[in-house]
Structures are given as structure tokens and as C-alpha cells.
Amino acid sequence: QVQLVESGGGLVQFGGSLRLSCAASGITFNLYTMGWYRQAPGKQRELVATITSAGSTDYAASVKGRFTISRDNAKNSVYLQMNSLKPEDTAVYYCSADWLSRHYWGQGTQVTVSS
């Protein structure tokens, strides 16, 4: 019943922009801290950004100033606007939802930045 579906990934050029979307269902969306994580081949999954139910945000140092996380509670969706993309941003990006002990992951969407 709980489902997080990412979309918006793809291939972009160095310096380009991309907007990822995550549509959530089966949860009381307003209660959850939403986030984006990413995992490159051979590397650990790392935090990209989070946004709380109150709208507070946190970012990884590597993306601060380039990425913006936002949420639309009316649409049960969270977004990641990615600007000034670099090849180092190439990874599978995962949407997450967290509230107390509840934790959910999406299936991920591939982002590839060409050099």
C-alpha cells in the first residue's frame, strides 16, 4: 500500500538542470520527513537533502547551493531541483519517507551527467 514513485531522472549535460519528483501514497504525508538519497556504483548510499513536515531543510555539503528540496503536501509529493549538475552527481536517486520508526524507500531513478 505504501508507495514512493520517483520520476524525472535522465541524461543531462554538465552544467544542466533536472527536476526529480516523488509521489507518495499510502502514508499520512504531512507527518513525514521526506528526503532524497543517492548511490553511485561502488559507493555507499548518501544523504542528499531532507525536508521536515515543518519545512526545515538540510543538504549534503556537496550539493548545497545547487540543489533545492521542496514539498507539496496537497499533492503528496516531494521534489529535488538540481542545477549546475556535475558528473559527480551521477547516481541512482532514491526518495525516502520517515516518521518515528516508519521508514520507506522508493525504487530509485537514474541521473546521469555527461562530462
Mind checking the [atom1]-[atom2] spacing from [X] to [Y]? Nearest 0.5 Å is all I need.
X      : Y     : atom1 : atom2 : result
Tyr104 : Ile27 : OH    : CD1   : 7.5 Å
Glu46  : Trp36 : CD    : CH2   : 14.5 Å
Cys22  : Leu4  : SG    : CG    : 4.5 Å

Next on the checklist: Can you tell me how the ring of Tyr37 sits relative to the ring of Trp105, calling it parallel under 30°, perpendicular over 60° and tilted otherwise?
Outcome noted: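 Geometry flag for Trp105 against Tyr37: perpendicular rings.
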Less than 4.5 Å apart, side chain to side chain, heavy atoms only: is that true for [X] and [Y]?
X      : Y     : value
Met82  : Tyr93 : yes
Phe67  : Gln81 : no
Ser115 : Phe14 : no
Arg102 : Tyr32 : yes
Met34  : Cys95 : yes

Counting distance only, does the side-chain N/O of [X] pair as donor-acceptor with the main-chain N or O of [Y] below 3.5 Å?
X     : Y      : value
Glu6  : Gln107 : yes
Arg71 : Thr52  : yes
Gln1  : Gly26  : no
Tyr59 : Ile69  : yes
Thr90 : Val113 : yes

Item to check | Working for side-chain contact (heavy atoms from CB on, under 4.5 Å), residues Arg38 and Ser62 | outcome: CA-CA 12 Å; Arg38 67 186 182 186; Ser62 59; 3.4 Å; yes
Given the rule that I, L, V, M, F, W and Y join up when any side-chain heavy atoms are under 4.5 Å apart, are [X] and [Y] in one cluster?
X     : Y     : value
Val48 : Leu20 : yes
Leu18 : Tyr94 : no
Val78 : Leu31 : yes
Ile51 : Leu47 : no
Val92 : Leu80 : no

Next on the checklist: Test side-chain hydrogen bond (donor to acceptor under 3.5 Å, both in side chains) on Asp72 and Ser77; report intermediate values, then the result.
Outcome noted: CA-CA 5 Å; Asp72 186 339; Ser77 295; over 6 Å; no
Next on the checklist: Could you walk me through whether Ser17 and Asn83 satisfy the side-chain contact (heavy atoms from CB on, under 4.5 Å) test, starting with their C-alpha distance in whole Å, then the side-chain angles of each, then the deciding distance to 0.1 Å, before giving a yes or no?
Outcome noted: CA-CA 4 Å; Ser17 297; Asn83 299 325; 2.9 Å; yes
Item to check | Pair Thr33-Asp98, side-chain donor/acceptor within less than 3.5 Å | outcome: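 Per modelled atom types, Thr33 and Asp98 side chains form no pair under 3.5 Å.
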Item to check | Donor-acceptor pair between Thr112 and Gln110 side chains, under 3.5 angstrom | outcome: yes
Checklist outcome for this item: Heavy-atom closest pair (Lys43 atom, Gln39 atom, distance to 0.1 Å) is O-NE2, 3.1 Å
Checklist entry - Considering all heavy atoms of both residues, which atom of Asp89 and which atom of Arg66 are nearest to each other, and what is their separation? => result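 Looks like OD2-NH1, 2.8 Å.
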